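Data block below; observations after.
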Amino acid sequence: MKGKELRRSLAVLPIGTVMKLTSLTARQIRYYEAQELITPQRNEGNRRMYSLNDVDRLLEIKDYLDDGVNVAGIKAIYTQQAQAAAAKKAAQKQPLTDEDVRHILQDEILRQGGLNRPNAAHEPHRPL
DNA sequence: GTTCTTACA
DNA sequence: TGTAAGTA
């Protein structure tokens with residue numbers, strides 16, 4: 001099951017195709033890159049080349065934004081996911097350390113909505 | 001024709 | 001964010 005992941009990681013799509021696939025403007029796609037939410041590769045001519053994973057990531061970013069999560073929040077989420085992934089790998093060989101547990105807990109808290117967009121009044125009424 | 005960067009509304 | 005300008 002490794003070839004599939006490899007193919008999804010191949011950067012073969014120009015920004016024009018990604019625009020159609022995500023319904024995002026080139027402006028937005030480049031902006032998210034500037035905010036380090038995505039890091040597409042560049043070809044010989046300095047053109048951005050995206051992978052299927054990048055497309056999924058952009059679609060995900062769009063969803064988070066709709067849910068009121070700001071760029072900093074999304075970035076934090078991905079940072080946490082990366083840490084969680086690293087922790088999981090380490091856990092395969094060694095038992096969980098206190099720090100690993102803390103990261104997993106933080107990940108859960110984040111997913112429930114710790115970082116929301118400052119403006120845009122969302123969530124009309126959520127039970128405490 | 002498409003994409004890139006920079007800059008201004 | 002949209003868009004214009006000048007390139008590659």
Side-chain angles (χ1 to χ4, degrees):
Chain A
M1 281 272 172
K2 190 127 293 183
K4 191 159 79 178
E5 297 169 28
L6 211 159
R7 276 174 304 187
R8 292 185 62 71
S9 296
L10 284 193
V12 295
L13 314 171
I15 198 167
T17 301
V18 177
M19 287 173 68
K20 294 174 182 175
L21 259 33
T22 64
S23 294
L24 288 169
T25 65
R27 184 82 165 87
Q28 294 175 303
I29 297 172
R30 297 189 188 111
Y31 176 69
Y32 300 149
E33 178 186 354
Q35 301 309 303
E36 299 181 272
L37 292 183
I38 52 172
T39 46
Q41 294 184 191
R42 295 292 185 118
N43 63 15
E44 321 72 49
N46 194 39
R47 264 69 211 284
R48 273 169 263 251
M49 295 303 276
Y50 302 81
S51 69
L52 258 29
N53 281 329
D54 290 327
V55 173
D56 285 338
R57 170 96 106 187
L58 286 168
L59 256 18
E60 209 174 286
I61 291 170
K62 221 175 32 160
D63 289 337
Y64 279 130
L65 258 22
D66 286 337
D67 288 337
V69 181
N70 59 204
V71 175
I74 297 172
K75 201 172 162 186
I77 290 172
Y78 288 148
T79 296
Q80 288 296 138
Q81 288 185 349
Q83 295 180 344
K88 187 175 181 180
K89 271 190 177 178
Q92 287 175 143
K93 272 203 158 189
Q94 296 178 307
L96 270 51
T97 65
D98 288 350
E99 187 169 45
D100 290 330
V101 177
R102 281 203 297 281
H103 286 162
I104 293 172
L105 258 34
Q106 282 173 32
D107 189 1
E108 282 308 307
I109 294 172
L110 257 179
R111 281 194 220 184
Q112 290 176 47
L115 293 160
N116 282 356
R117 194 185 269 154
N119 49 335
H122 226 289
E123 306 175 71
H125 51 65
R126 183 168 52 183
L128 298 178

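Each chain gets a letter, A, B and so on, in the order its sequence line appears, and its residues count up from 1. Source: prediction; values computed, not measured.
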Point-to-point distance, once rounded to the nearest 0.5 Å, from CD1 of A:Ile29 to CG of A:Leu58
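Output value for this atom pair is 6.0 Å.
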
Tabulated below should be each protein N or O lying under 3.5 Å from an N or O of nucleotides 7-9 of chain B; please produce it.
none

Give the first and the last nucleotide of DNA chain C, reading 5' to 3', that has any atom under 4.0 Å from a heavy atom of chain A.
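In short, chain A contacts DNA chain C from C:dT1 to C:dA8.
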
Determine, using the 4.5 Å side-chain heavy-atom cutoff (strictly less than), whether A:Leu10 and A:Met49 are members of one ILVMFWY cluster.
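Cluster IDs for A:Leu10 and A:Met49 differ.
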
Is there a side-chain contact between A:Lys75 and A:Tyr78, using heavy atoms and a 4.5 Å cut-off?
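No - every pair of side-chain heavy atoms lies 4.5 Å or more apart.
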
Nucleic acid contacts - residues 41-48 of chain A versus DNA chain B, non-hydrogen atoms under 4.0 Å
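Here the set is A:Arg42, A:Asn46, A:Arg47, A:Arg48.
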
Roughly, in whole Å, what's the span from OH in A:Tyr31 to C1' in B:dT5?
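So the OH-C1' distance, A:Tyr31 to B:dT5, works out to 17 Å.
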
Please give, in whole Å, the distance from B:dT3 C1' to A:Leu13 CG?
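Answer to the nearest Å: 15 Å.
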
Which residues share a side chain to side chain contact (heavy atoms under 4.5 Å, CB included) with [X], sequence neighbours left out:
| X | answer |
| --- | --- |
| A:Glu44 | none |
| A:Gln80 | A:Gln83, A:Gln106, A:Asp107, A:Leu110 |
| A:Ser51 | A:Asn53, A:Asp54 |
| A:Arg7 | A:Lys4 |

State which residues pass side-chain hydrogen bond (donor to acceptor under 3.5 Å, both in side chains) with [X]; sequence neighbours excluded, sorted by chain then number.
| X | value |
| --- | --- |
| A:Arg48 | A:Glu33 |
| A:Tyr32 | none |
| A:Asp98 | none |

For DNA chain B, list all stems, counting runs of three or more consecutive pairs where every pair is Watson-Crick or G-U wobble with both distances under 3.5 Å.
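In DNA chain B, stems of three or more pairs: B:4-9 with C:1-6.
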
Looking only at heavy atoms, what is the nearest atom pair of A:Tyr50 and A:Pro14, with distance?
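Scanning both residues, the minimum pair turns out to be CD1-C, 4.3 Å.
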
Do you know the tightest heavy-atom contact between A:Val55 and A:Leu13?
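Taking every non-hydrogen atom into account, CG2-CD1, 3.7 Å.
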
N/O donor to acceptor pairs below 3.5 angstrom from side-chain atoms of residues 15-24 of chain A, sequence neighbours left out:
unit_1  : atom_1 : unit_2  : atom_2 : d
A:Thr22 : OG1    : A:Val18 : O      : 2.7
A:Thr22 : OG1    : A:Leu24 : N      : 3.3

